[in-house]
Structures are given as C-alpha cells and as structure tokens.
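Down below is the structure, laid out as structure tokens.
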2 protein chains.
Amino acid sequence: MTTADPAGSSRDLPHPVREEIRLESVLHALSDPMRLRIVRELAAVGDELSCSHFDLPVTKSTTTHHFRVLRESGVIRQVYRGTAKMNALRGADLDALFPGFLDSVLAAIEGQGERLGEPRRTAG
Amino acid sequence: MTTADPAGSSRDLPHPVREEIRLESVLHALSDPMRLRIVRELAAVGDELSCSHFDLPVTKSTTTHHFRVLRESGVIRQVYRGTAKMNALRGADLDALFPGFLDSVLAAIEGQGERLGEPRRTAG
DNA sequence: CACCTCGTACGATAGGCATCGTAGTACGGG
DNA sequence: CCCGTACTACGATGCCTATCGTACGAGGTG
C-alpha cells in the first residue's frame, strides 16, 4: 500500500505542534554552528531546501542528525518530496510563540558574520 | 596588600569584551533552564543581584558553574562586592551586538511561562 | 529490472556538561 | 584573632551529543 497517500509521501516525520515548542530546545538547537549555518541559509533563500543542497563540512550522517535536532526542536519543518527531503523554517510558528526572536537571531548571525572576517561578496 | 585597588575588589573575573561575545555561546548559555531562570530574574529586577539571592534547586557548586557559563559567554557581568558576588545582565553589550535579541528572549520566557502551567499571581 | 542518488539507522567513540560533595579561600564582624 | 558567611576549586559521575563509518530503504532513471 504505497498509494494511500494522495497528498504527499507515505513517509512522514514527527514534528512538535506549535504549542509544544520549547524555548530552551530552540535555543539549544540554534547554539550549534552547523545548525546555525543551516538556519541562516534557509532564511536567506526564504524557501524550502533539500538536505543535499547544503554543503556542510561533516558527513551525511552528521548532517542528518543536525536536521533532526532542528526538526524536533520545532525550528524547521521537513517533508519528503520524492527522494529529496525538503526543509523549511517554521517562521510563522516561531514568530507566534516568540515574537521577534527569529528575526533578531537571523540579524545577529549576519551581523556577527560581518564582524568576524567572513568571506564577503562586496567588492573583492 | 589589599589596598592597591581603590575602585573595587582586588579579585576580578575574566569577562569577554563586547566584540568577543559569540552568538553561539550566548545561545548555548541561555539554553539551560537554570540559567534562563537566572537571566529572567536579573531582567525582572533590572539591577545587580548577589549569587545567594537566587534560590535554585541545585547545590551552590552547580550555581557557581551556571553563573560562570553566563559570565564567560558574555550574558552577565560579575563583580565582587565584599564577600558577595554581584551579577548584572550585560544588556547594553548584547543589544549593541544583537539588537532586539535579549528583549525577544526575555519576552519569550515570560510568554512561555504563562502558556505552560506556571505558578502565577493573577487571581488564584 | 538494474542501478544510482538521497537520506536513514545503528553502533562506536570521544568530548562536553550538569550535577554533586568536600575541602578550601576571601572578606567582614565581634 | 576567631568565626561565620559567601563563593570557589577540584574530582567523580552519569548523561548527552557531535562525529564517523557502514549497511540499509525509498524512489526515480535507463
């Protein structure tokens, strides 16, 4: 029975509902450089991205682990789309629970990236 | 020679300067319930508080550890005042580096505290 | 169907960390 | 000077986690 799911893939993943998202978990999820990098990129493109889109300096196993932490903490939503697994920020949920929090974190990442010597694109 | 420090205690503690404060470290520091509780209380009174002011459900050793994490991450500033060690939020530094971040976290703590069944004072 | 790509599951490992207890240091008061 | 209070330092412990490698499942493509 692989046809009993007209609206998507038959594999679906456990997510916390909005009310279950805990601030501590979100803060913990965001306190890892790899995960912060993922979130930053997701926010930058403002759209779903597949796991394989990201070119992280860790193995695929580890990447899977990080995406799981982000999903289980409520930071991202993951859905299968064919063989790809798409990831999107749960911006609306986070902003409803913690108004202004996500935006300030995203701004902080960018600001810190510029403060420290990060590879920039502005007139090399 | 205990008189060579006219402006304060002779014991002073290592703090990161503003530019050294890293977002990941701050997020990590705030991802612990005990530390979040400390920060919440510091913000609530808006003033310095001694370590012994806090009545945390852990031993004093552990309390010391948490204050240290908060200090080394740049979230609080600690100074000795006699035998007491006073703690204050580094609100100005954090807001300069990460505008709006601290406020949104503080609001989020409060909001979450009300959402979950927290002991409230409003008409029991 | 054979095969390739994407991602998972599982086990191992090493390091981090929240916690405790005990022993010790700094400071102020009698 | 002795003592009490405030906080620290250090070692132990048990859990969590970031990482890897390998083996596997699910879904397109020829």
Against the side chain of Arg35(B), the closest entry in dA18(C), dG7(C), dA18(D) is dA18(C)
Between CG of Asp12(A) and C1' of dA26(D) the distance, given in whole Å, is 14 Å
Could you pick out which residue, His53(A) or Pro57(B), lies toward the 5' side of DNA chain C when each is mapped onto its nearest nucleotide?
-> His53(A)
Mind calculating the distance between CD (Glu72(B)) and P (dG16(C)) to the nearest angstrom?
-> 14 Å
For the pair made of CD in Glu24(A) and P in dC16(D), what is the distance, rounded to whole Å?
-> 16 Å
Which pair of heavy atoms, one from Arg40(A) and one from Leu106(A), lies closest together, and at what distance?
-> CA-CD2, 4.5 Å
note: Leu49(A), atom CG; dC6(C), atom P; distance rounded to Å ~ 15 Å
Taking the side chain of Ser61(A) as heavy atoms from C-beta outward, which of dT22(C), dA9(C), dG27(D) is closest to it?
-> dA9(C)
Is it possible for you to say whether Val45(B) and Leu102(B) belong to one hydrophobic cluster, with membership spreading through side-chain heavy-atom contacts below 4.5 Å?
-> yes
In terms of side-chain heavy atoms of His65(A), which of dG7(C), dT19(D), dG21(D) is nearest?
-> dT19(D)
So does Ser52(A) get a side-chain nitrogen or oxygen closer than 4.0 Å to the phosphate oxygens (OP1/OP2) of dG7(C)?
-> yes
Send over the distance from Tyr80(B) OH to dG28(C) P, rounded to a whole Å.
-> 13 Å
Is Arg77(B) paired with Glu48(B) through a side-chain N to carboxylate O contact shorter than 4.0 Å?
-> no
Which nucleotide sits closest to the side chain of Val58(B): dA9(D), dC20(C), dT5(D)?
-> dC20(C)
Find the distance Phe67(A):CZ to dG7(C):P and express it as a whole number of Å.
-> 8 Å
Side-chain donor/acceptor of Thr59(B) to base of dG21(C), under 3.5 Å | no
Out of dC7(D), dA18(D), dT19(C), which has the shortest distance to the side chain of Asp32(A)?
-> dA18(D)
Rounded to the nearest Å, what distance is computed from the NZ atom of residue Lys60(A) to the C1' atom of nucleotide dC10(C)?
-> 16 Å
Distance-only donor-acceptor test, Thr64(B) side-chain atoms vs dA9(D) base atoms, 3.5 Å | no
Take the protein atom CZ of Arg68(A) and the nucleotide atom P of dT19(D), then report the distance between them rounded to whole Å.
-> 14 Å
Can a salt bridge be assigned to the pair Asp32(A) and Arg37(A) using a cut-off of 4.0 Å between side-chain N and carboxylate O?
-> no
Out of dG27(D), dC7(D), dA18(C), whichever nucleotide has its closest atom nearest the side chain of Thr62(B) | dA18(C)
Using a 4.0 Å heavy-atom cut-off across all strands, classify His28(B) as base, sugar-phosphate, or nothing.
-> sugar-phosphate
Which heavy atom in Ala29(A) sits nearest to a heavy atom in Ser73(A), and how many Å separate them?
-> CB-OG, 3.3 Å
